[in-house]
Amino acid sequence: MSEVLPQPGLELQPRSLRARLFSAAREPLWAALLAVTASLTFSFFAILATGKDPVAGYGYLVSGALGGPGPIGETAIKGAVLILTGLSVAVAFVVGLFNIGAEGQLIWGALAAAVAGRALDLPAFLQLPCCVLAACLAGGLWGLVPALLKVRRGVHEVISTILLNWIAIHLVHGWLVAGPLAAGSSSSSISVAGTANIRASAFLPRLLTGSRLDLGFPLALAVAAAVWFLLTRTRRGFEWRAVGSGAEAAYASGIPAARRICEAMFLSGALAGLAGGLLVLGTEHKYPGVFRTGYGFDGIAVALIGGGTAAGTAVAGLFFGALRAGATRLQLVGIHPSFAELIQGVAVLLVAAPRLFAPLLAKLRGRPRALAPEALESAKP
Amino acid sequence: MSAAPALELRGIVKRFAGVAAVDGVSLSVNPGEVLALVGENGAGKSTMISVACGLYRADEGEVRAFGAALPPGDPRAAIEAGVGVVYQHFMLVGPLTVWENVVLGREPLRFGIVVDRERARREVAEAAQRFGLTVDVDARIESLGVGAQQRVEIVKQLWRGARVLILDEPTAVLSPREADELTQTVRALAKDGRSVVFISHKLREVLAVADRVAVLRRGKLVQTVARAQTSAQQLAEAVMGTVLPALAREATAAGLLPAQESLDLEEAAAKTAPGATYPAPRLVARDLCCEGSRGRPALRGLSLAIFAGEIVGLAGVDGNGQSELAEVLTGLRAFQGTLELDGREGWARSPGAARAAGVVHLPEDRHRRALCLPLNVEENLSLGRQGDPPYAHGALIDRAGRRKKALELVHAFDVRPPDPLARAGSLSGGNQQKLVAARELAGGAPPLLVVAVQPTRGLDLGAAAKVHDALRTARDAGAAVIVLSLDLDELRALASRIVVLYDGRVTGEAPPTASDDALGRLMLGQPPAGTPMASKPAGMQPRAELPE
Amino acid sequence: MNAILDFAPPLLLAALGGVLSERAGVVNIGLEGMMRFGAFFAAAGSIWTGSPLIGLLCGALAGAAAAGVHALLCLRYRADQVVSGIALNLVALGLITFLLEAFFGSSGVSPPVPALPRDRFGHNGLVYFSLAAPLVLHFIFSRTAFGLRIRAVGEHPHAAATLGVRVLRLRAICVLGSGALAGLGGAGLSVGILGQFDSRMPAGQGFMALAAVVFGKWTPLGAAGAALFFAAADALQRQLSFSLHAADMRLEGVFLALPYALTLLVLALGLGRTRAPAADGIPYEPEGR
């Protein structure tokens, strides 16, 4: 902790292991672990209550997520998308905005990737990057709209992003993909077809045989690392955090707060757009006529469980990706895959109320004040 | 007077997170009596009120109204017992009408559920009339000025049958005429047999209205005296205590010294700092105009010159343009007119530009304007200079450099706990302000201009002394320092001259040795007269702008 | 016109629920989830008891129960109201599908539900109830002591508290009422319109209700008007889509997006006095310092 020791007497007070383990900074971590554990327990008994076999169910959940290259690939694909939508929400949190709109941004990103993947005909080494960029750009622009509405017109982003989600869903699914961009002959009335397939040069390369694991997974992890670096190590990231934790103070200190909000929301949208791009370029290879993702909404859960940090979001994204992948096998014991949503939802409900776990954590923490008497000075609620 | 007191607080203790805001205070007020409760900010006045009216539950002690103990933490019971509070920040619901606000929570009903509008409106109008308070019962609260809103608050309590009325800093927001009217209203209430607890930190206005005066200091009751047996000077000593003899002595001395006004800027500067020469002013403001937050003119042609190496105090009754001037100087507010820093213009167009030009700011509201409370101490220390060494290396944060600088600053300014990783929000108010002072005054290159607004409000004496020292150090290093404060004694202790604002302009200036009366006249917008006007107390200066 | 009246009740009731909760100062993003609870338990209740009216009651109670979780987390544990609402939506999505499978052995639709009695115009009672409800809520807000207190609590809870109004209790009542209305709205989808529960319900109607609350400026009559307007746009789209299909123009999406786009436009242009209650979404701390 004390990596700099400028002169004797100026170093930080060392803290005991217990105090560090349960310090206030780690509270989100413990809350998330407790919430997920409680949620898994609750779901276990929910299965039991319906007369099905929870042990077998949870076994399938694990094997469906981790049992062999196929399941691991599914976990990685879903995890990558959830990591990106989770990061999208987390980055918006950093500047103090609650981006409910990752779903809409994801949809535009997916559509842009599908259109670019078909319309562009570039050399192979350019085709894929251009499609990825198109997805980021489309999502980013859709994410910029609520930011501009917020800083220019004072429209609360929760309301505007919800509205923008549904505008995106209806415009893309009910009009663009069904009409102007639909594949096939124009006389056909089949609407489930979706857009035409993208060119093979735009496919995300698969990394393992016997699995759909593609380049999207390492890409998502790299993006997570980059976001972590941006937020914690760069001046711009610090300015975003300053804006998010006190916009007026940041502005008074010379940071152009409105601009920083727009920048962060563009990145937020771009991350969600990239998530949509991965779905299209990696697995779907077109914008499907029926595209029920929910990944954008799940991104909110991922970011919340992940405590809003890049690392936490990556871990939470992987966990929920595994859950989603494993849940497809729950059908073997007669449980619908949307059971994953239940586990996720209960966990978020519990994380939503930090005060639920506060007494327990305070007990675990013991009496840190005795370890650091000067902390008494700072005692304030 | 022989019966039980109208309101009695016995041995009240109220702690927040272990820190006692009120520590064993007992008070009582009799029917027909006006009790003034005085003390500095943070002395525990507001906490006492909240305990008295049941909003807070006292940790120790009890509240009695007309002889009966009130259940703790039950606002309803306090209202039933006839205890009513008019808060400093009015407790009125903006979009609702006057009568709706008055009857809220105790609505006269028809059929058990429907509000009887006619009866409510009639009763509210009657209650207002009885004490000569004019209000339009059908007006929306948000369309009323502050004076009218305060009348609504009083009517609200009277309609509810309040027999004990607690007024929290009632004159802070009023125009002189409204303040006079309020004094009359309070006396009329007392004549009617009601009790009034009048909270203020303006000693002379307290002496004009109260029968008895109770003094709180740092959560403890210092004294309770009848008005006839005290004086403003004696109260001032009681309020400030003897802990800070220098400050108290200066204040007392200032009151005793004859007025020595000077409107000549250069002369005043030369007089107060003999031997010093000033080549050219550091800051020159000419005909500054700007709008206030409600769109009304706040500065109306203000002109001012400040020199390097001096501390200038800016005095004035709250709301005469001080806050807006501070915002203009720090780039937070748009303005018209000329503003030069070392002869250059255009530096105050944005907070970033002002900072780059060498202006630093200790703002009035440090939570809102100076600190990002969720961020830690070292991050807050780098705020505003996050792109410069030693805090950054190009686009990257220099974590080692920042840590080193933060440890230096934290120790130099005695910020507690001395932990660069502590959240700023977990620090006490005094330590937060030390943090802000450390960053602004010592965090980077020496500043050219320091704008400090109410720099020690709400601080304990140790922290206040630390902040004052830092301001003096900045001055000695060659900065021009402007201190805006409502506390004349603070200005006297710091500044070499005091410039007085009234109605968005400078009405004059005086040396720090000037009497309250002399400064008071300037704060009223009156030209300095030859004879001191002993009858106009300095504490009761009016607000320049009449609320609409 | 008939189509509007038939399809309006769910949206209308949910929008009123949103108004009730938000005017008391509690943001309710969970309307969608509460509608889903209502829709499912209304269908289940009807099937088990054979009475669609009892089904409606079950739906309202289920919505209120879901809202109870929201109220508990937001008011007792000071949870972020937006987060709690989102979590509720997620739980509703997973739990209801799970229960659908557990009770009826299908992940798609429930068995058919006994129909609500209809009058000679072909409307069921829910239609009339949903038309009367905005007027009743308007009356409550504007004329009753209860309504006056709700408005005060949503704007300035501390002011109300100093006058002895029990802020948290009042907010809890409003959130529960909001859930009951949304649940009844959901019941209108399953028991009232479709005659069975579909696992996709309420398909965004809760969010559209939220838009109606904003479009209607947080007033009962405004929100009801907006809900009727949105329902009309929906009905128009259904009508038009047949003829447009024939001409091979797939424009449903444009019509469906219209209510949201209009609401966004109203917000962006600041038309009229579109202001949320001042204390909307801000947890109330009794000893706030």
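Order of the sequence lines fixes the chain letters, A, B, ..., with proteins taken first and strands second; residue numbering starts at 1 for each chain. Values in this document were obtained by computation on a predicted structure and should not be read as measured data. In what follows, every heavy atom counts, from backbone to side chain, and hydrogens, waters and symmetry copies are set aside.
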Inset, instruction - Walk me through it: do C:Phe255 and A:His170 pass the test side chain to side chain contact (heavy atoms under 4.5 Å, CB included)? - result: CA-CA 8 Å; C:Phe255 280 95; A:His170 289 308; over 6 Å; no
Inset, instruction - Tell me, please, which residues at least two apart from A:Ser88 pass side chain to side chain donor-acceptor pair (under 3.5 Å). - result: A:Asn99, A:Ser268
Given a strict heavy-atom distance threshold of 4.5 Å, which part of [X] is in contact with chain C: side chain, backbone, both, or neither?
X	value
A:Val155	side chain
A:Ala49	neither
A:Ile343	neither
A:Asp298	side chain

Legend entry - Proximity breakdown for C:Ile29 and chain A, heavy-atom pairs closer than 4.5 Å: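 Contact with chain A: side chain only.
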Inset, instruction - For residues 22-34 of chain C, pull every pair meeting salt bridge (Lys or Arg N to Asp or Glu O under 4.0 Å), keeping only residues two or more places apart or in separate chains. - result: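 Residue pairs passing salt bridge (Lys or Arg N to Asp or Glu O under 4.0 Å), neighbours aside: none found.
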When rounded to the nearest 0.5 angstrom, what is the spacing between [atom1] in [X] and [atom2] in [Y]?
X	Y	atom1	atom2	value
A:Ile167	C:Leu256	CD1	CG	12.0 Å
C:Leu267	A:His156	CG	NE2	11.5 Å
C:Phe98	A:Lys52	CZ	NZ	6.0 Å
C:Leu73	A:Leu350	CG	CG	7.5 Å
C:Asn89	A:Ile100	CG	CD1	9.5 Å
C:Ile86	A:Ile300	CD1	CD1	4.0 Å

Inset, instruction - Given side chain to side chain contact (heavy atoms under 4.5 Å, CB included), test C:Leu210 with A:Leu163 step by step and report yes or no. - result: CA-CA 9 Å; C:Leu210 219 51; A:Leu163 296 172; over 6 Å; no
Inset, instruction - Could you check which of A:Gln344, A:His336, A:His173 has the highest count of heavy-atom pairs closer than 4.5 Å to chain C? - result: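 With the most close heavy-atom pairs to chain C, the winner is A:His336.
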Inset, instruction - Determine the option with the most heavy-atom pairs under 4.5 angstrom with chain C, choosing from A:Ala168, A:Pro337, A:Ser338. - result: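 Answer, by heavy-atom pair count under 4.5 Å with chain C: A:Ser338.
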Nearest atoms (heavy-atom pairs only) where [X] meets [Y]:
X	Y	value
C:Ala87	A:Val348	CB-CG1, 3.5 Å
A:Leu349	C:Ser84	CD2-O, 3.9 Å
C:Ala79	A:Ala352	CB-O, 3.2 Å
A:Leu342	C:Leu95	CD1-CB, 3.5 Å

Inset, instruction - Classify the ring geometry between A:Phe297 and C:Phe207 as parallel (under 30°), tilted (30 to 60°) or perpendicular (over 60°). - result: parallel
Inset, instruction - Among the options C:Val82, C:Asp80, C:Val27, pick out the one with the most heavy-atom pairs lying under 4.5 Å from chain A. - result: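 Looking at each of C:Val82, C:Asp80, C:Val27 in turn, C:Val82 comes out on top.
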